[in-house]
Amino acid sequence: MDTLIEQLKKDIQSKQLSNQKQPIDDEVLGYISIYEHGNKLYSALAKKWLQFFLVNAGYAERLRDVK
């Protein structure tokens, strides 16, 4: 999962550099920050949200692929 998150961060940064930023990008970065720096409860909730996002955004094929 950490590898996918790093790729997602790079993709968002490249979108920002090319002025193609979307409102969801800030929300995704917020969930990543909570996942990485939040307490156990909020980190677990952010992880679940990120897992669904990674699958829906096409970074992973199934939820089982994101661990």
Side-chain angles (χ1 to χ4, degrees):
M1 178 155 171
D2 292 332
T3 306
L4 293 174
I5 288 175
E6 288 303 316
Q7 182 61 43
L8 181 58
K9 281 195 229 178
K10 288 178 187 176
D11 291 347
I12 291 172
Q13 288 173 351
S14 69
K15 283 172 57 176
Q16 289 175 341
L17 292 174
S18 63
N19 291 328
Q20 296 178 350
K21 186 177 172 188
Q22 297 175 331
I24 189 76
D25 294 340
D26 290 331
E27 189 173 344
V28 171
L29 291 174
Y31 275 99
I32 291 172
S33 179
I34 293 168
Y35 169 69
E36 294 176 341
H37 307 292
N39 68 23
K40 279 185 175 183
L41 175 63
Y42 291 116
S43 181
L45 291 173
K47 180 179 179 180
K48 281 289 186 197
W49 188 91
L50 285 166
Q51 286 174 329
F52 283 109
F53 180 82
L54 289 167
V55 171
N56 288 330
Y59 285 87
E61 201 171 303
R62 302 176 294 219
L63 278 175
R64 287 184 219 147
D65 297 339
V66 184
K67 292 182 182 183

*Keeping to residues at least two apart or across chains, list the salt bridge (Lys or Arg N to Asp or Glu O under 4.0 Å) pairs with something in residues 5-14.*
Glu6-Lys9, Lys9-Glu36

*Qualifying residues under side chain to side chain donor-acceptor pair (under 3.5 Å), relative to Gln22, sequence neighbours excluded*: Lys15

_Fellow cluster residues of Val55, listed by chain then number, with links counted only when side-chain atoms sit under 4.5 Å apart_ = Met1, Leu4, Ile5, Leu8, Ile12, Ile24, Val28, Leu29, Tyr31, Ile32, Tyr35, Trp49, Leu50, Phe52, Phe53, Leu54, Tyr59, Leu63, Val66

_Taking Pro23's backbone N and O only, do any of them form a donor-acceptor pair with Asp26's side chain (distance below 3.5 Å, no angle check)?_
no

*Mind jotting down which residue pairs meet the ring-ring contact (aromatic ring centres under 6.0 Å, His included) criterion with at least one end in residues 2-25? Sequence neighbours excluded, please.*
none

*asked:* Show the nearest heavy-atom pair for residues Ser43 and Gly38, with the distance to one decimal.
replied: CB-O, 4.0 Å

*Residue pairs passing the salt bridge (Lys or Arg N to Asp or Glu O under 4.0 Å) test where at least one lies in residues 37-55, sequence neighbours excluded*: none

*List for me each residue that meets salt bridge (Lys or Arg N to Asp or Glu O under 4.0 Å) alongside Arg64, sequence neighbours excluded, and say none if there are none.*
none

